[in-house]
S.K.: 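Can you keep this structure in mind? I'll have questions shortly.
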Number of protein chains: 2
Amino acid sequence: MQDRVKAILAGLDLWAEWPSPTQRRIVGAALESFAERGFHGTSLKHIAAGSGLSTAALYVHFASKEELLFALSRRGHALARDLVAQAAEGEPARALSVLVAAFTHWHAEHRTIARVVQYEQSALEHGHALEIAALRRDTERIVRDLLGRGVDAGVFAVSDVPGAAAAVLSLGIDVARWYGPRGRWSPHELAELYADLAARMLGVP
Amino acid sequence: MQDRVKAILAGLDLWAEWPSPTQRRIVGAALESFAERGFHGTSLKHIAAGSGLSTAALYVHFASKEELLFALSRRGHALARDLVAQAAEGEPARALSVLVAAFTHWHAEHRTIARVVQYEQSALEHGHALEIAALRRDTERIVRDLLGRGVDAGVFAVSDVPGAAAAVLSLGIDVARWYGPRGRWSPHELAELYADLAARMLGVP
DNA sequence: GTCTATATTTCGATAGAC
DNA sequence: GTCTATCGAAATATAGAC
């Protein structure tokens, strides 16, 4: 299982969308500040200082602060969906463990982008929010479908598939809220633990 | 179990701290906006409009916007800790079910205050944040102690008590992020479902 | 206690030189 | 592509009349 988790995580590249070094500095600084203070708590001065540029220079690379958030949120949502889609392939019990482990590991190790993904949706403009919501629905449906397959195959004992799917996702998502790198668990240890807890939750024999 | 959950929830009163009707209108408007847009996304105009007052009138009742957040956050954290403390009494397996049901129900039904509690800590001033952190530690320790008691009594099968406690709390906390009153579950239904999932997660026989 | 009016700062975004 | 300088709007908070 661990090899498959490792392979999925290694295949994800947050930065692929931004080839230029300057753009990466800007995006990185925005990411840190959005994750720490939230979108509305972040000023352009924070991003400018974090990337070593003036506030005016930011506008050469991004049309607005909200466009920067949107680009980050879209990229993060696409990564999370790809992670879940890859993990959900194959035999349900094993897929569930891989999914929870990879999802949890990602939320712990990439806490900054995960926080933007999970907690900054309300700062998006309406049209952008709609596009993001579609990515979220994809992710949720993949998990529900996996649970449904497992129930049909008799390896999960679950009375409410959408409810159990919400619970499985919540385990990983909430890690972005509380996890700190100086804490008790490495991302890997937490992933193993949560995969085990989720399997028990679903009644895997 | 349901009677005990109901009794605990009925004993919690968010408004006890604010006897005056005007204060309640202000606190209520701030709560709605903080939950919807976050602290930094909320302006005094939002709160003034929501409470039917001018921005200047707000300062008769609260020293600053941050003091208003602090008062709300402290009250919400105290309620959550009291809920958990009451639920954790008694036989571990039953206490765990009561705790998860009441905690989940509260996060669904009182989503606004729950969101302030769970997601607006970083907007607090340093001294205020320290006071809030102490309340959070109390809550977390109560849950860890309950799980430890259950393991000692042989009713929970858990290899990592702090890790399992984090997972149990995450189930309820994340409800504040995604739950909507127009969704698939009533707070009561979700509470029952999550109490069952948590019991399985902890290996309750 | 509430209002209108306003002080002061900071915000996102733009202009124009280099 | 980056800078300094600045615009206009919006933010928090206060002054003073009623």
Side-chain angles (χ1 to χ4, degrees), chain A residues 15 17-74 116 120-129, chain B residues 15 17-73 116 119-129:
Chain A
W15 304 102
E17 199 169 304
W18 302 285
S20 131
T22 306
Q23 281 190 335
R24 290 190 182 200
R25 272 159 47 213
I26 295 170
V27 169
L31 190 53
E32 292 293 325
S33 189
F34 290 165
E36 182 81 11
R37 290 177 272 253
F39 176 77
H40 292 297
T42 295
S43 78
L44 291 177
K45 283 182 82 167
H46 291 128
I47 302 173
S51 56
L53 293 170
S54 67
T55 59
L58 302 176
Y59 285 88
V60 174
H61 303 277
F62 292 94
S64 71
K65 187 180 135 185
E66 196 273 345
E67 282 284 351
L68 190 43
L69 172 67
F70 175 53
L72 266 168
S73 183
R74 187 176 47 187
V116 169
E120 299 301 325
Q121 280 190 84
S122 74
L124 292 166
E125 288 173 9
H126 181 65
H128 291 164
Chain B
W15 305 102
E17 199 168 304
W18 303 285
S20 130
T22 305
Q23 282 190 334
R24 291 191 181 198
R25 271 159 48 214
I26 295 170
V27 169
L31 190 53
E32 292 292 325
S33 189
F34 290 165
E36 182 82 11
R37 292 177 269 253
F39 176 78
H40 292 297
T42 295
S43 78
L44 292 176
K45 283 182 84 166
H46 290 128
I47 302 173
S51 56
L53 293 170
S54 67
T55 59
L58 302 176
Y59 286 87
V60 174
H61 304 277
F62 293 94
S64 71
K65 186 179 130 182
E66 195 272 346
E67 283 284 349
L68 189 42
L69 172 68
F70 175 54
L72 266 168
S73 183
V116 169
Y119 302 125
E120 299 301 325
Q121 280 189 84
S122 74
L124 292 167
E125 288 173 8
H126 181 65
H128 290 164

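Convention: sequence-line order gives letters A, B, ...; per-chain numbering from 1. Since the structure is predicted, the reported quantities are computational estimates derived from the model, not experimental observations.
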S.K.: Return the nearest nucleotide to the side chain of Ala57(B); candidates are dT2(C), dA13(C), dA13(D).
M.R.: dT2(C)
S.K.: Report the distance from atom NZ of Lys65(B) to atom P of dT14(D), rounded to the nearest whole Å.
M.R.: 15 Å
S.K.: Ignoring backbone atoms, test whether Ser54(B) places a side-chain nitrogen or oxygen under 4.0 Å from the OP1 or OP2 oxygen of dT2(C).
M.R.: no
S.K.: Find the distance Arg37(B):CZ to dA10(D):P and express it as a whole number of Å.
M.R.: 15 Å
S.K.: Quick check: does any side chain N or O of Arg24(A) sit under 3.5 Å from a backbone N or O of Trp18(A), one acting as donor and the other as acceptor?
M.R.: yes
S.K.: Just to confirm, is there a sub-4.0 Å distance from OP1 or OP2 of dC11(C) to any side-chain nitrogen or oxygen of His46(A)?
M.R.: no
S.K.: Looking at Thr42(B), is its backbone amide N or carbonyl O close enough to the side chain of Ser33(B) to form a donor-acceptor pair, meaning the two atoms are under 3.5 Å apart?
M.R.: no
S.K.: Rounded to the Å, how far apart are Leu68(B) CG and dT12(D) C1'?
M.R.: 13 Å
S.K.: How many whole angstroms separate atom CG of Leu44(B) from atom C1' of dT12(D)?
M.R.: 6 Å
S.K.: Classify Ser51(A) by what it touches in the nucleic acid, base, sugar-phosphate, or nothing, heavy-atom distance under 4.0 Å.
M.R.: nothing
S.K.: Rounding to a whole Å, what distance do you find between Phe62(A):CZ and dT14(C):C1'?
M.R.: 19 Å
S.K.: For Leu53(B), report the nucleic acid contact type (base, sugar-phosphate, nothing); a contact means any heavy atom under 4.0 Å.
M.R.: sugar-phosphate
S.K.: When you measure from the side chain of Lys45(A), which nucleotide among dG12(C), dC11(C), dT2(D) comes out closest?
M.R.: dC11(C)
S.K.: For the side chain of Tyr59(B), starting at C-beta, report the closest nucleotide among dA13(C), dT14(D), dT2(C).
M.R.: dT14(D)
S.K.: Using atom types as modelled and distance alone, determine if a side-chain donor or acceptor of His46(B) lies under 3.5 Å from a backbone N or O of Ser43(B).
M.R.: yes
S.K.: Ignoring backbone atoms, establish whether Thr22(A) has a side-chain N or O less than 4.0 Å from OP1 or OP2 of dT2(D).
M.R.: yes
S.K.: What integer distance in Å separates Ile26(B):CD1 from dT2(C):P?
M.R.: 7 Å
S.K.: Would a distance-only check, ignoring hydrogens and angles, find a side-chain to backbone donor-acceptor pair under 3.5 Å from Glu125(A) to Glu66(A)?
M.R.: no
S.K.: Just by modelled atom types, is the Leu69(B) backbone N or O under 3.5 Å from a matching donor or acceptor in the Ser73(B) side chain?
M.R.: no
S.K.: Taking the side chain of Ala56(A) as heavy atoms from C-beta outward, which of dT14(D), dA13(C), dT14(C) is closest to it?
M.R.: dT14(C)
S.K.: Check whether any side-chain nitrogen or oxygen of His40(A) sits under 4.0 Å from OP1 or OP2 of dA11(D), and answer yes or no.
M.R.: no
S.K.: Taking atom C1' of dC11(C) as reference, at what distance in whole Å does atom CD1 of Ile47(A) sit?
M.R.: 12 Å
S.K.: For Arg25(B) and dG1(C), give me the distance from atom CZ to atom P, rounded to whole Å.
M.R.: 12 Å
S.K.: Contact class for Ser20(A) (heavy atom, under 4.0 Å): base, sugar-phosphate, or nothing?
M.R.: nothing
S.K.: Which one, dA15(D), dA11(D), dC11(C), comes nearest to the side chain of Ser43(B)?
M.R.: dA11(D)
